[in-house]
Each structure stands twice: as structure tokens, then as C-alpha cells.
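Just so it is clear, the model here is predicted, and its values are computed rather than measured. Naming: A, B, ... by sequence-line order, numbering from 1 per chain.
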There are 2 protein chains.
Amino acid sequence: MNQRPPQYLKLKHHILRHITNGDWPPLSRVPSENELVSKFGISRMTVNRAMRELADAGMVTRTQGAGTFVAERKAESAMFEVRSIRDEIISRGQKHTVEILIRELVSARPVTARQFALPTGTELYHSRLLHRADDEPLQLEDRFVNPVCAPDYLEIDFYKEIPHQYLMRTAPLQRIEHAIEAEAASKRLARLLAVEPGSPLLTLTRRTWSHDHVASYVRLSYPAGKFRFVGAFNAGDFKTP
Amino acid sequence: MNQRPPQYLKLKHHILRHITNGDWPPLSRVPSENELVSKFGISRMTVNRAMRELADAGMVTRTQGAGTFVAERKAESAMFEVRSIRDEIISRGQKHTVEILIRELVSARPVTARQFALPTGTELYHSRLLHRADDEPLQLEDRFVNPVCAPDYLEIDFYKEIPHQYLMRTAPLQRIEHAIEAEAASKRLARLLAVEPGSPLLTLTRRTWSHDHVASYVRLSYPAGKFRFVGAFNAGDFKTP
DNA sequence: GGTACTAGATGGTATAGACAACTTTGGGTC
DNA sequence: GACCCAAAGTTGTCTATACCATCTAGTACC
């Protein structure tokens, strides 16, 4: 009757599949424990464990008496949140403006293609935006997007919805890879960010996965002193009453 | 019989207290589920839930057939791991050397005292170490330590055990706060790290908590191009079999 | 001394049932 | 319509039991 993958894991994956496929959109209702009990013929304790672990992972939210619902913000749980630069600027009380420098369809160069694990020459969307806070350049965003994961990426009105928001909405995020480093500004970057050539920049490189493909590869560059990445981590629950 | 805090939480906190107090050192054995069942008069399923959640949080490790044991590496679970620079260098296949520049007891200046939430003038340990990889400066480590949390900090043989290891071993880590930024090298930093003044540095600032106090405040500076922080994050389990 | 096996201990999962706490809903009353 | 209240639905917790998989220690054997 019960086979190698435990029942609670099978149920977890069943739920996850519906969520990441998109047929259970954010905020929609997940079947109640008793419904799942009768549908899958497993006990309620087992269903409860599966749902509780999904809630711990932040995929669903549960409310006693109300029900279980697909969570909206999926990937923003880990430290060094993938936060929208627009939200960042606005929450500082500054004015956010964005300038579109590039928006095109390109053939992947070897170095870029390798990031996507795709053959050289594959067509990719490419955008380059400059974000300003109170009219001062804050972030230069150079982004490549896999057309398979976001077919109408070039059609977005970047002035209304920045790429980050679009991708979060469209593609169910599976994995994120970060690298943060410091570098000296090249002449081109210095000109765009209004700093001296050779002055320090803070650069975040990020790859995201969706539907088991690399969905995007982006480089975010900030002038030193104007931005920093922060995060916190708590061990266990660590309250000792 | 059962009161407001659920039984499984009471048990979790009971175990956690023994671990953070230090009377159950790392790798020591935690009572088996059946022992806890008879000791606390609760059912095994409840004990199992408590222990499973502690294992998920990384506080203990469990092995079927063997038992449950206090985990050794407590805080290295979050992304942007708190990894020892020595391990980092050695795992790159380079030679690690460390030079002790400062090792002293100081009265906290206002800006430092504020980081510790302590009054100005409180005595703190201060150390400054320079780590080299294959004789090239890689990291300058400027560290303040709360004597309450690590009384014999100044007595360590930094050549054998770098501060990071000592602190991990001594103080049960409760919380970590990070900030990563880029900066231009001051003359002093440039000289120590063997770079040009004004050239880009990557700087990590970190505070750690232990026993409900700020235990340490450290600034780690790296020459640009020689180091970067990497991390990854997976949503849910996200395998969809 | 070394090796192979076995019995016991331990954690991993699952069940059926129960009660409690909480939310929503619908009906009844004013 | 506005309000109150009871009923139904949902999640949170807990129990007692069961069977299985794995590891350990001790024993018997060579």
C-alpha cells in the first residue's frame, strides 16, 4: 500500500506541483485537510504534517478556522531578500525613476550562454535599465532573460512594472543563486552611474531558475556608499521561557 | 493537564535550554524518544514532532537506529554562511597564514559601544588580524568581543585557532546580522592589504548575539577581485517527481 | 583475535480517534 | 438593515498503537 516515497512527501509534492504550475494561483484556497484525507485515503495526521511543512517553507499560509491558502511572496524568505529596487528606494522616502537604455533580442555570446546552460547563439532578451533615487543614479541593471520562461518580456512597460516584479509574477521561482563582489568602475559604468572611473562599485550577480530552466541572469551595480546588502539570521526559535 | 504552551513546544524549549546552556555539549547524546516519553508523560508522536523540528532547525542530528545528538555546526545553515576564512583559503588549495596586528583590552568608544548596546567606556576585547592566501593579503579582520560572552578571548592562540572557531565553540550563537558593502581603501587599509589607496574593497560587517547579548562586532575587508560572497536559495523542496 | 550473526534499541512513518480554538456562515430577532 | 447567536467547517494539538528500516552491541563461532 505505502511505497517508498512517504505519503506526506507525495502529498507535499502534489500540492507544490499545483502551485508552481500555476493552476493554484497565490491567495487561492488549498483543499482542506479533510478533503485531502478522503481524496488520498490517508489519515489526517499525515495530511497535517505535509501541510504544516509547506507552511514552514512559506509556500502556503494557514489560519485556524479559515483554511489554507497559497502564499503570495514566495522567495523573499531567505536572507538577502530579492527585493525590488523600486520598493527599496520608495521605502527610503526617495523618488524612483528608471531610464531604459537597452531593450533588445540578442544572440547569446559564449560567456552569457554558459550562464544559461544553452548553446551559443540562442536568442535571449536583453535589457539595461538605470534606476535613480532622487535623480541620482543608484543601480544599473543589466539583465538577460530566457524567452522560454517569459515570452513577452520585451513588451512590458518598464516604467510601470520593473522586470523584477514581472518575473516574480510570471515565473514560479524555484532557485536563486547570488554572488556579491566589489569592483572598480569601468569607463562606461562610471559614466552611467555618474562616478569617477576606477571608483568602487558594489555588484550583485544573480541567476534565477524557473520550470527547471535558468530564467534570468542579471548584474546589478551600485556606487559604493550608496547601497549595501543586509541580512539577519536567527538560530532555532531560541527563546528559552 | 495540557496548558497553554503546547507540549511539543515545551519539550523543544527544554531541549534547547540544555543545549544553549552548555550542559549538553555538541555531539553529546540527547535522550531517546522513549526516554522522553516516560519522563514527560507525553506520547511518542509528540516527542517525535519536537525532535523533528529541532532537527529541521539544525540544532540536533538524528540517525535512525543510532539516536539523536547535539549538532556541532549551529549557525552555518543560512545562505552566506559564516565560514571560516581559514577553511575558505585551504579549500581553494592555498596556504593560509595569519598575522596578529592588535590584541588588546580597550574602553569602548561611543560608536563601538552603540553596536553592543553597552555604555561608552565598557571594556571590550579588540583584535586585528591579517589573513593571507599564498602570502597575498586577502582579509583584514577587525573584531570587538564582549568579555561577558568570551572571557578568555585574549588568551587564544590565534595561530592555531582563529577567532571565528573559538567563538563558535564557546558561545552558542543565537543571531547574526550582516551588511555587505563596497568602499574605497583608506591609506591604512591600502597599506595593510597591499593595494592602492582608493581602490575598491569588499567589506562585510557582522554582529553576533549570544546569551541575549551582542557577543561580537567584526569588520572583514577584502581587496576587490580576490573575494566574493555567494549563496543560493531553493524554494520549498521544489522537486516535482 | 577476528568474523558473522542476532537481538535490542532507536528513529521514520502511518493510522484512527478525540478534543480544543478559531473563523465563517447563515438564520433569527429586533 | 443591523445585530446577535448558534452551527458547521477548519486547523492545532494530543494520544495510543503499530509496523518498518537502520544502527549498535554483544554473542557465538571459527
Side-chain angles (χ1 to χ4, degrees), chain A residues 1-16 18-19 24 26-72 236-237 239 241, chain B residues 1-16 18-19 24 26-72 236-237 239 241:
Chain A
M1 202 60 173
N2 314 340
Q3 285 331 314
R4 284 286 309 323
Q7 300 281 13
Y8 78 94
L9 265 188
K10 288 197 280 190
L11 178 54
K12 263 180 85 172
H13 290 145
H14 175 264
I15 308 281
L16 263 179
H18 279 93
I19 293 180
W24 291 358
L27 294 191
S28 67
R29 174 153 208 166
V30 176
S32 77
E33 296 192 352
N34 281 324
E35 287 175 290
L36 293 169
V37 162
S38 40
K39 178 172 180 185
F40 288 87
I42 57 185
S43 81
R44 205 195 127 208
M45 278 300 288
T46 304
V47 173
N48 182 269
R49 172 169 178 185
M51 303 294 271
R52 182 154 37 78
E53 292 191 2
L54 284 174
D56 288 343
M59 301 303 292
V60 301
T61 59
R62 320 193 75 199
T63 314
Q64 189 173 136
T68 304
F69 306 87
V70 177
E72 22 184 9
D237 347 51
K239 284 182 307 186
Chain B
M1 201 60 175
N2 312 342
Q3 285 331 314
R4 284 278 314 325
Q7 301 281 12
Y8 79 94
L9 265 188
K10 288 198 281 191
L11 178 56
K12 262 180 86 172
H13 290 145
H14 175 264
I15 309 281
L16 263 179
H18 279 91
I19 295 179
W24 290 359
L27 294 189
S28 68
R29 176 155 207 165
V30 176
S32 77
E33 297 193 351
N34 282 323
E35 287 175 291
L36 293 169
V37 162
S38 40
K39 179 171 180 186
F40 289 87
I42 58 185
S43 84
R44 203 193 130 208
M45 278 300 287
T46 304
V47 174
N48 181 269
R49 172 169 178 184
M51 304 295 271
R52 182 155 37 80
E53 293 191 1
L54 284 174
D56 288 343
M59 300 303 292
V60 301
T61 59
R62 321 193 74 197
T63 314
Q64 188 172 138
T68 304
F69 306 88
V70 178
E72 25 184 7
D237 347 49
K239 283 181 307 187

Do the side-chain N or O atoms of [X] get closer than 4.0 angstrom to the phosphate oxygens (OP1, OP2) of [N]?
X	N	result
Y8(A)	dA14(C)	no
R49(B)	dT13(D)	yes
T68(A)	dT10(D)	no
T46(B)	dT15(D)	yes

Who pairs with [X] by side chain to side chain contact (heavy atoms under 4.5 Å, CB included), at least two apart in sequence or on another chain?
X	result
S43(A)	M45(A), T46(A)
V30(B)	I15(B), W24(B), M51(B), V60(B), T68(B), V70(B)
E35(A)	P31(A), S32(A)

Separation of [X] atom [atom1] from [N] atom [atom2], in whole Å?
X	N	atom1	atom2	answer
Q7(A)	dC20(D)	CD	P	15 Å
L36(B)	dT15(D)	CG	P	13 Å
L9(B)	dT13(D)	CG	P	7 Å

* Asked: Can you list the residues that meet the ring-ring contact (aromatic ring centres under 6.0 Å, His included) rule with F69(B), with sequence neighbours excluded?
  -> none
* Asked: Of G65(B) and M45(B), whose closest DNA chain C nucleotide lies nearer the 5' terminus?
  ->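 First, find each residue's nearest nucleotide; the 5'-ward one identifies G65(B).
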* Can you tell which of dC14(D), dG11(C), dT13(C) lies closest to the side chain of R62(B)? ->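 Comparing dC14(D), dG11(C), dT13(C) against the side chain of R62(B), the answer is dG11(C).
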* Enumerate the residue pairs fulfilling salt bridge (Lys or Arg N to Asp or Glu O under 4.0 Å) with a member in residues 41-51 of chain B, sequence neighbours excluded, ordered by first and then second residue. => E33(B)-R44(B), R49(B)-E53(B)
* Can you see which heavy atom on R52(B) is nearest to which on R62(B), and at what distance? => N-NH1, 4.2 Å
Polar atom pairs (N or O), protein with nucleotides 18-20 of chain C, under 3.5 Å:
residue : atom : partner : partner atom : Å
dA18(C) : N6   : R44(A)  : NH1          : 3.3

